[in-house]
Structures are given as C-alpha cells and as structure tokens.
Amino acid sequence: MTKAMGAAMRRIQAGNALSAFGLGFTVPYLYVYVAQVRDLGATTAGVVLAVFAMAALVVLPFTGRVIDRRGPLPVLVGAAVLASAGALSMGFASSVPAAVASAALLGAGTAVMQPALATMIVWCSGPATRTRAFAMQFFLQNLGLGIGGLIGGQIVDESHPSSFTLLFSIEAVMFLVLAGIAGSVRMPRSAVLSDARPKGEQGAGGGIRTILGHRAMVQLCVLGFVLFFACYGQFESGLAAYGTEAAGIQPSTLGIALAANTAVIVVAQFLVLKFVERRRRSRVIASVGLIWAVAWIAAGYAGLGHGSQAMATAAFISTYALFGLGEAMLSPTVAPLVADLAPESMVGQYNSAFALVKQLALAVGPAVGGPMGAALHGPYIVTFVLFSLGITFLALRLGKKLTLAQDHPMLAAKSRVVAVHKPEQAPANA
C-alpha cells in the first residue's frame, strides 16, 4: 500500500465510523418514534420500515453502473447528502406522508453508501491489505453503531418528541461529516488489484449479463443470500420472536443478547484475522456455517430443552455470541472476495449486486422467520440448522470455482514471490 493509499484509507474508515455512529442513534428507535412518539400507529411504523428497506431495492440496481462510470467518490458524497436530508426530515416528520418520504430518502441514501464505500476501500487497498481493510470497516461499523445506540438511549424520552428530533439531527450531521471527509479524499486507483481478477471480461457496459455469466459470482450471491437470510434476517424478527415465545426470554434479555453479539465482534475481530488470512476463504466461510449450526442448536436447547430458565437464557445469549464470532470471520472474507471476482471496470456493479442480494435476504428473512419463530418452534430451529449446514456446502462448492489468488491471496502472493526469486536452472545441454 502506498502512502497516498494509506492516507485515503484512513479518511474513508474515519467517515465510515462516524456515519455508523450516527445510524446507531436512530435505528433502534425508529419504530417507537413513528408509532408512539409521533402517534402515527403501528401500521404506519411498519410501512415506514418497509419503505426504508424497499428504497434500497429500488436504487441498488442502478448504483453500480454509476459508480463504475463516475467513480465511487461522487456517489458516496451524493448518497451521504441524501441520507442527511432524510434523517433531518424524519426528525420533524409529524404526518404519514412526511414519515414515509423521509424513510425513502434515508433508506436510499444509506443503501447507496454501502457499495460506494466498498469500492473506495477496494481502490485504496491491494491483495495483501484488503482483508484487513474490510475487517477494520466491519469493526468500526459495529463499534460506531454500539456507541451510538448506547448514547442515543440516554437521550431519548418518549414524552418529548424534541429528544428524537435531536437524535435525527445528530445523525444528519454525521452523514454530512462523512460527505465532507469523502470529498477530501484523493482516490488512487490501485493497479495491483487486477491480479486476482478474471481476464478478458467486458467493461462497465457488461452489466447484469456479465455478472450472471460469471459462475463464481452467481454462486457467491446464492451463498450470500443464505448467509444473510440465516443470520441477520433473523436477529430482530424470527429469533427474537422464538426467544420470547418458546424460551420465555424477557425483552431486556434480548438487549443483552444483542450486546453480547456486538461485544464478541469487537473483541474477536482482530483475534481471528490471522486465522482467516492464512486459510482459504471458502473454507473459512464453510466453518462459519458449522459455527452457526451450533448456534441454532443452542437456541433449540433454550426454547425446546427442559433445563432451568437460567440455562435457557444463557443458551440464548450464547446463540447471539456465536453469531458474532461467525460475523467476525465473514467480514474480512466475503467483501474482499466480491472485489477479487470483479473485473476492474465493474467493481461498483459487483459490489452493488451483492448489496442487493443482502437487502433481499434482509427483506425475506423477517417475513419467513418471524411467523415461524413465533409459532413453529421446532420446525424453525430445524430449518435454520439446515440452512447453516447449507452455508458449509455452498462455500466448499464455491471454492472449486475460485483461483488461488481469489481463494487464498496470501498463499498466492508467496507463490509469486517464490516464482520471481527461483534460481535459473542450467541449460539441459550444458
């Protein structure tokens, strides 16, 4: 990594942390704010959350092409300004149309930021540093969200709408800070990134046909859908419903479980990094599937076992903690793999396609898992144990489609070094 790339990376990561800090102020309280504080009702709150998610599905199909044509920097700045406007307007929204429109702006802006930030990280890193760069991004995101949520919880007061207006205003300012930091970054496109990428692909005009024709990327998208569906898509819906209905978990304990998840991510992120870097990415993802299968078995014991309430509570919290361990292993693995699969002129489109898959999983996950977790306790656990084992199967299958540079960049780099310094052999007829 050059000095210019390092300076750009530090600014990007700082902006990423601050924007996550702003999101942490409001995300946990959006439903309460719309339904109770603004007295718009539970139905409206549900519509607002749905619009927030649907806005991402609308804008992401177009985001990648714009990133590849215009660069990630102006896209990130524009998205941050859009999200800032949405956050600020949400803080003053007192009617249904205003809340829905604000959710659309906020959802669209935050969705576009993801592939733009990912592409900037790709441009400012090489094969040797990209794994750590994405691990740092995930670490700072979780740390920012956690601290923001903790501070926001001390500010909110359901009897005073002005306290929520303050939260959304802080969030809006954080997005503007991200835009300002991003605007000051000098983007050095890295030439070394092309080492792991497929040769002979079409340029930015290839679009969706190029992605659909790339078998490894299609398999990664299928794997990504299962990953996000079986984990993130269940956190605040199916798993929470299962915990309260089957395991008798108190709502306050759900907060402890989520805190345990974040704590494991923050503590384990860099502890597992060396383990991840020295192994094939496909096998790391496969091991995450096994870890999550154990997590779902622990959840099964919490709700279906015959132990004490204390044991059930401990098992349920352990489920979230094990999910956190898997997430810490995925963050330096999946995102860099998306980047290494992409042709150089289509990094934005590949990142956007994967972000779209993630958003679809996060939309479908609660719709499927919520009712199952609340009523079909045994089938719910069995279903997601099988999904977790499916992650292992899909990851090992994907590994067969990857080159060494894509699946194990550290080993590939060592192989290239050996090849460069290998002594010349004497001619056969010497």
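Residue indices begin at 1 and follow the sequence shown. Note that the structure is a prediction, hence the values are computed from the model and not measured.
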Trainee: What is the ring orientation for Tyr320 with Phe323, classed by angle as parallel under 30°, tilted 30 to 60°, or perpendicular over 60°?
Mentor: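 If you compare the ring of Tyr320 with that of Phe323, the planes turn out perpendicular.
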Trainee: Ignoring hydrogens and geometry beyond distance, is a side-chain donor-acceptor pair present between Tyr242 and Gln234 at under 3.5 Å?
Mentor: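 On atom types as modelled, these side chains do not qualify, holding no pair under 3.5 Å.
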Trainee: From Thr165 OG1 over to Ile170 CD1, what is the distance, rounded to the nearest 0.5 angstrom?
Mentor: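 Here the rounded value is 11.0 Å.
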Trainee: Minimum heavy-atom separation for Pro115 to Thr63, with atom names?
Mentor: CG-CG2, 3.9 Å
Trainee: Distance check, rounded to the nearest 0.5 Å: Leu76 atom CG versus Leu178 atom CG?
Mentor: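 These two atoms lie 5.0 Å from each other.
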Trainee: For the atom pair OH (Tyr33) and CG (Leu40), what is the distance rounded to the nearest 0.5 Å?
Mentor: 8.5 Å
Trainee: Once rounded to the nearest 0.5 Å, what's the spacing between atom CG of Asn16 and atom CZ of Phe21?
Mentor: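 With rounding to 0.5 Å, CG (Asn16) is 14.0 Å from CZ (Phe21).
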Trainee: Compare every heavy atom of Thr119 with every heavy atom of Gly348, then report the nearest pair and how far apart it is.
Mentor: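 That closest heavy-atom pairing would be CA-OG1, 3.6 Å.
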Trainee: Just by modelled atom types, is the Val122 backbone N or O under 3.5 Å from a matching donor or acceptor in the Arg130 side chain?
Mentor: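 No; judged by distance alone, with no hydrogens or angles, the pair does not exist.
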Trainee: Find out whether Val334 and Arg281 are in side-chain contact, i.e. whether some heavy atom of one side chain is under 4.5 Å from a heavy atom of the other.
Mentor: no
Trainee: So, taking the atom named CD1 in Ile381 and the one named CG in Leu239, what distance separates them when rounded to the nearest 0.5 Å?
Mentor: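 One finds 7.5 Å between CD1 of Ile381 and CG of Leu239.
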Trainee: What are the two closest heavy atoms between Arg65 and Gln349, and how far apart are they?
Mentor: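 In this case the closest contact between Arg65 and Gln349 is N-CG, 3.5 Å.
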Trainee: Would you say that Met136 contacts Met9 through its side chain, given a criterion of any heavy-atom pair below 4.5 Å between the two side chains?
Mentor: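 Not in contact.
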Trainee: Between Gln13 and Ala133 (side chain of the first, backbone of the second, donor and acceptor by atom type, cut-off under 3.5 Å), is there such a pair?
Mentor: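 Yes, the answer is positive, given that a donor and an acceptor are paired below the 3.5 Å cut-off.
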Trainee: If you round to the nearest 0.5 Å, how far is CE of Met120 from CG of Asn351?
Mentor: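 One finds 12.5 Å between CG of Asn351 and CE of Met120.
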Trainee: Please walk me through it: do Val338 and Met217 pass side chain to side chain contact (heavy atoms under 4.5 Å, CB included)?
Mentor: CA-CA 7 Å; Val338 174; Met217 181 59 185; 4.2 Å; yes
Trainee: Ser388 side chain to Phe384 main-chain N or O, any donor-acceptor pair under 3.5 Å?
Mentor: yes
Trainee: ring-ring contact (aromatic ring centres under 6.0 Å, His included), that's the test. Do Phe138 and Phe134 meet it? Break it down for me.
Mentor: CA-CA 6 Å; Phe138 188 70; Phe134 278 103; over 10 Å; no
Trainee: Nearest heavy-atom pair of Val77 and Ala179: which atoms, and what distance?
Mentor: CG2-O, 3.8 Å
Trainee: How about Ser89 and Ser102: does a side-chain donor come under 3.5 Å of a side-chain acceptor?
Mentor: yes
Trainee: Would you say the side-chain atoms of His408 pair up with the backbone N or O of Ala405, donor to acceptor, closer than 3.5 Å?
Mentor: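 Absent.
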Trainee: Is the closest side-chain heavy-atom distance between Met329 and Thr333 below 4.5 Å?
Mentor: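 Heavy-atom side-chain distance check fails, nothing below 4.5 Å.
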Trainee: Does a side-chain heavy-atom distance below 4.5 Å link Leu227 with Trp292?
Mentor: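 Heavy-atom side-chain distance check passes, below 4.5 Å.
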Trainee: Evaluate Phe175 against Leu106 for side chain to side chain contact (heavy atoms under 4.5 Å, CB included), listing each step before the verdict.
Mentor: CA-CA 10 Å; Phe175 286 136; Leu106 186 57; 3.9 Å; yes
Trainee: Do the side chains of Trp296 and Thr383 get nearer than 4.5 Å, heavy atoms only?
Mentor: no
Trainee: Could you pull out the closest heavy-atom pair between Ser331 and Gln269, with the gap in Å?
Mentor: OG-OE1, 2.9 Å
Trainee: Can you name the nearest heavy-atom pair linking Ala315 to Tyr301, along with the distance?
Mentor: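 Looking at all heavy atoms of both residues, the shortest contact is CB-CD2, 3.7 Å.
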Trainee: For Phe62, does the CZ atom have more than 12 heavy-atom neighbours from other residues, nucleotides or ligands under 6.0 Å away?
Mentor: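 12 or below, so no.
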Trainee: If you define the side chain from C-beta out and look only at heavy atoms, does anything of Leu398 sit under 4.5 Å from Leu337?
Mentor: yes
Trainee: Tell me if a side-chain donor or acceptor on Thr319 pairs with a main-chain N or O of Ala295 at a distance below 3.5 Å.
Mentor: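 A pair under 3.5 Å: yes.
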Trainee: Evaluate ring-ring contact (aromatic ring centres under 6.0 Å, His included) for Phe168 paired with Phe164, printing each intermediate quantity in order.
Mentor: CA-CA 6 Å; Phe168 284 105; Phe164 286 84; 7.3 Å; no
Trainee: Does Ile12 reach the side chain of Gln137, with side-chain heavy atoms less than 4.5 Å apart?
Mentor: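 Heavy-atom side-chain distance check fails, nothing below 4.5 Å.
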